[in-house]
Every structure is written in structure tokens, then in C-alpha cells.
Amino acid sequence: MNILIFGPNGSGKGTQGSLLKKKFNLAHIESGAIFRDHIKNGTELGKKAKEYIDKGELVPDEITIPMVLETLKEKGKDGWLLDGFPRNITQAKKLWEALQEAGMNLDYVVEIKLDREIAKNRIMGRRLCENDPNHPNNIYIDAIKPNGDKCRVCGGALKTRSDDQDEAAINKRHDIYYDTETGTLAAAYFFKDLAAQGKTKYVEVDGSRDIETIKQELLSKIEG
Ligand code: AP5
């Protein structure tokens, strides 16, 4: 099974993506996480990407598109969930071309819908567990408050992401997401059009509810 997941930054695409990955045994390919690994390892790509990520801007397509498509070829042979890519209309078209060339199906496209203010709050309260960054921990949300300064799931140490505390950078990330002309919603609607032609299936969920409710709705709409 191959799935693409869209949602504004902070909508829970990483959280739901991680649950879907486990359920269907998929390779979880997250463009943001690939960049963060490069940054941690001090690679040239990581140094370039950091300049853009810290400002809340997209890393240029010349770097991002080949990086993600290569990872998809390497790790996605037995099913994948792609999270964070595509983020603009150019990336969407390149992905669709690459899938067709490789003879790969796109089974589902998921769109998590969420109001911008709620998404911003979730980003600023997010805390990342050293053992699994998708363990839900958020200092502003009672249901998933950390245990003191430790992960509520496994007790691991928690940290914040450097691009999560800068409100101007978060606003920029959201401007790109909600742009229906050339931004990420334009990319999502490109696939919605393909779904209307019967070339994939498009699933929309309301991301304002709790994690378990959203997960159950997604599982009821996605057939394994
Ligand atoms: P990336 O890592 O993709 O970050 P992002 O898009 O900003 O997404 P987030 O991880 O912030 O949000 P999420 O929706 O996954 O939310 P989460 O599940 O954690 O990208 C980082 C940067 O890399 C980009 O800014 C860009 O510069 C660059 N980049 C990446 N891809 C690129 C591309 N294709 N092209 C160019 N540049 C690219 O949830 C958020 C919080 O809410 C957590 O605390 C969570 O526990 C909580 N939560 C989740 N669901 C719920 C719920 N239902 N109820 C209550 N709380 C919830």
C-alpha cells in the first residue's frame, strides 16, 4: 500500500503517519526527518537545508525533489507512507511523473484539515522524545501532557525542535501550506483532481479531534 499524507504543520500528520505505518507495515518517509538527520550528521545537504528550515522556508526543489525520490526508490519497494512531500505544485507533478515511470500505484491521499491557530498552538507546545519523535507529548494539551520533563509513552528525555518556537517562521510555514495557487494545498488539490478521475482515492479527515478518534476514522476509510 502506498499513501501520501497532507496536513498543515502541527495537524498531526507525523503522529497519524506513524500509526498508519505500524498498522500497514509501511516505510515512513518524512522529508523533514530526512533533513533533520542530515543536519545532525553535519552533511553539506544538511548545512544548506538548515538555512531554509530555520526561517520557515521550503528547502529549494533542486535539493528536495531528488533527495525524496531517491529515498522512495531505495526504501519504498514494499509500500510507503510519504509525509511532508510534496509541498508545492512543482513537487506534486514531479512525484506523479516519477510514480508513473516506476509503475507504482498511489492508493490513498489523506488530507488532515485543521484551523491555523490550533495548528500553531500544537507546534509551539510539541515536545520530542529522544526515542521516537512521534510519541505524542504536548505541554498545552491535557490529554498528551508529558510526565514532568519525560516522555509520557516511554519515559525518554524530551526536547524542542529549533524551528518550533519562532512564531514568524511558523506563520511562514503556514502561509506556504494554505496557499491554494502554488503551495501545499495546491499540491493536495492536484491529487484530488486525479482522484476525481479514478486514479487514486482521496480521504479527508477533521484534525481538530483527539488522536485516537482521527486514527479510527482513517482506518475505517483506508482498506488494507
Ligand atoms: P516537517 O518536519 O515536515 O515539519 P512540518 O511540516 O512543520 O510538520 P510538523 O512535524 O511540524 O507537523 P505534523 O503535522 O507532523 O504534526 P505532529 O504530528 O508532530 O518539515 C520541517 C521543515 O523541513 C519545513 O519547514 C521545510 O523547511 C523543510 N521541508 C520538509 N519537507 C519539505 C519539502 N517537501 N520541500 C521543501 N522543504 C521541505 O503534531 C504536532 C503536535 O500536536 C505534537 O505535539 C502532537 O503530539 C500533537 N498532536 C497531533 N495530533 C493531535 C491531536 N489530534 N490532538 C491533539 N494533539 C495532537
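Indexing begins at 1, ligand by ligand and atom by atom, following the structure's order. Starting from 1, each residue takes its place in the sequence as its number. Predicted model only: the values in this text are computed from it and were never measured.
When hydrogens are left out, the protein atom nearest atom 21 (C) of ligand 1 is Arg161 NH2, 3.6 Å; that is the closest non-hydrogen contact. Regarding atom 48 (N) of ligand 1, its nearest protein heavy-atom neighbour is Arg122 CD, 3.9 Å. Remark: minimum distance from atom 31 (N) of ligand 1 to any protein heavy atom is reached at Ser31 OG, 2.7 Å. Protein heavy atom nearest atom 30 (C) of ligand 1, with residue, atom name and distance: Arg87 NH1, 3.2 Å. The nearest protein atom to atom 18 (O) of ligand 1, hydrogens excluded, is given as Thr15 OG1, 2.6 Å; this is a heavy-atom distance. Nearest protein heavy-atom contact of atom 12 (O) of ligand 1 is Gly10 N, 2.9 Å. For atom 15 (O) of ligand 1, the nearest non-hydrogen atom of the protein is Gly14 N, 2.8 Å. Nearest protein neighbour of atom 53 (N) of ligand 1, counting heavy atoms only, is Arg209 O, 2.8 Å.
The residue Ile112 has no part lying near ligand 1, judged by heavy-atom distances below 4.0 Å. Of all the heavy atoms of Thr64, the ones lying under 4.0 Å from any atom of ligand 1 belong exclusively to the side chain. Neither the backbone nor the side chain of Arg127 comes within contact range of ligand 1; no heavy atom lies under 4.0 Å. The proximity of Ala49 to ligand 1, defined as any non-hydrogen pair under 4.0 Å, does not occur for either the backbone or the side chain. Counting heavy atoms under 4.0 Å from ligand 1, residue Ile211 touches it through both backbone and side chain. For Asp210, every heavy-atom contact with ligand 1 shorter than 4.0 Å involves the backbone, none the side chain. Contacts between Glu30 and ligand 1 below 4.0 angstrom, taking non-hydrogen atoms only, are absent altogether. Looking at Lys13 against ligand 1, both its backbone and its side chain come within 4.0 Å, counting heavy atoms. When non-hydrogen atoms are compared, ligand 1 lies under 4.0 Å from the backbone of Glu57 (N, CA, C, O) but not from its side chain.
Nearest heavy atoms, Tyr108 versus Lys221: CE2-O, 3.7 Å. The heavy-atom pair separating Tyr140 from Gly125 by the smallest distance is CD1-CA, 3.5 Å. Looking at every heavy atom in both residues, Ile112 comes nearest to Tyr177 through O-OH, 4.4 Å.
Between Glu217 and Lys215, no side-chain nitrogen of the basic residue sits less than 4.0 Å from a carboxylate oxygen of the acidic one, so the salt-bridge criterion is not met.
Across Arg126, His174, Glu51, heavy-atom proximity to atom 17 (P) of ligand 1 is greatest for Arg126. Of the listed residues (Thr213, Ile141, Ile39, Ile65), the one carrying the non-hydrogen atom nearest atom 56 (N) of ligand 1 is Ile141. Scanning Val59, Ile214, Val205 for the heavy atom closest to atom 37 (N) of ligand 1 points to Val59. Taking only non-hydrogen atoms, the option from Lys55, Arg152, Arg36 nearest to atom 2 (O) of ligand 1 is Arg36.
Under a 4.0 Å criterion applied to the non-hydrogen atoms of Gly84, ligand 1 contributes the atoms 31 (N), 32 (C), 33 (C), 34 (N). Atoms of ligand 1 lying under 4.0 Å from at least one heavy atom of Asn138, given by number and element, are 41 (C), 42 (O), 43 (C), 44 (O). Of all atoms in ligand 1, numbered sequentially from 1 with element shown, those under 4.0 Å from a heavy atom of Gln91 are 33 (C), 34 (N), 35 (N), 36 (C). Interface atoms of ligand 1 facing Asn137, defined by a heavy-atom separation under 4.0 Å, are 44 (O), 46 (O). If you number the atoms of ligand 1 from 1 as listed, the ones under 4.0 Å from a heavy atom of Pro8 come out as 14 (O). Close contacts between ligand 1 and Arg173 involve ligand atoms 5 (P), 7 (O), 11 (O), 25 (O) [criterion: under 4.0 Å to a heavy atom]. Heavy-atom contacts of Ile144 reach the following atoms of ligand 1: 46 (O), 47 (C), 56 (N) (cutoff under 4.0 Å).
In terms of the side-chain hydrogen bond (donor to acceptor under 3.5 Å, both in side chains) criterion, Asn9 has no residue partners (sequence neighbours excluded). Residues meeting the side-chain hydrogen bond (donor to acceptor under 3.5 Å, both in side chains) test with Thr182, sequence neighbours left out: Asp179.
Put simply, the side chain of Asn137 gets close to the backbone of His135: a donor and an acceptor are under 3.5 Å apart. Looking at Glu204, its side chain never comes within 3.5 Å of a backbone N or O of Val110 through a donor-acceptor pair. Side chain of Ser31 to main chain of Gly84: a donor-acceptor pair is present (N/O by atom type, distance under 3.5 Å, no hydrogens or angles). Between the side chain of Arg152 and the backbone N or O of Ala143, at least one donor-acceptor pair lies under 3.5 Å.
A chain of hydrophobic side-chain contacts below 4.5 Å, direct or via other Ile, Leu, Val, Met, Phe, Trp or Tyr residues, connects Ile5 to Val205. Side-chain heavy atoms closer than 4.5 Å link hydrophobic residues (I, L, V, M, F, W, Y) into clusters, and following such links, even through other members, never connects Leu106 to Leu81.
Side-chain contact between Asn121 and Asn138 is absent, with no heavy atoms from C-beta onward closer than 4.5 Å. Within the 4.5 Å cutoff, side-chain heavy atoms of Thr160 are placed close to those of Gln165.
In this structure, Ser11 is part of the shell of residues with a heavy atom less than 4.0 angstrom from ligand 1. Under a 4.0 angstrom heavy-atom cut-off, Gly56 registers as lying outside contact with ligand 1.
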Exercise for the section: For Asp61 and Thr64, run side-chain hydrogen bond (donor to acceptor under 3.5 Å, both in side chains): C-alpha distance rounded to whole Å, both residues' side-chain angles, the deciding distance at 0.1 Å, then the answer. Expected result: CA-CA 5 Å; Asp61 285 346; Thr64 308; 5.4 Å; no

Handout entry: side-chain hydrogen bond (donor to acceptor under 3.5 Å, both in side chains) assessment of Ser208 paired with Asp206
Key = CA-CA 6 Å; Ser208 67; Asp206 168 5; 2.8 Å; yes

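Under the salt bridge (charged side-chain N to carboxylate O under 4.0 Å, His left out) test applied with Arg173, the options Asp166, Asp164, Asp54 reduce to a single match, Asp164.
Ligand 1 has no nitrogen or oxygen under 3.5 angstrom from a nitrogen or oxygen of Asp163.
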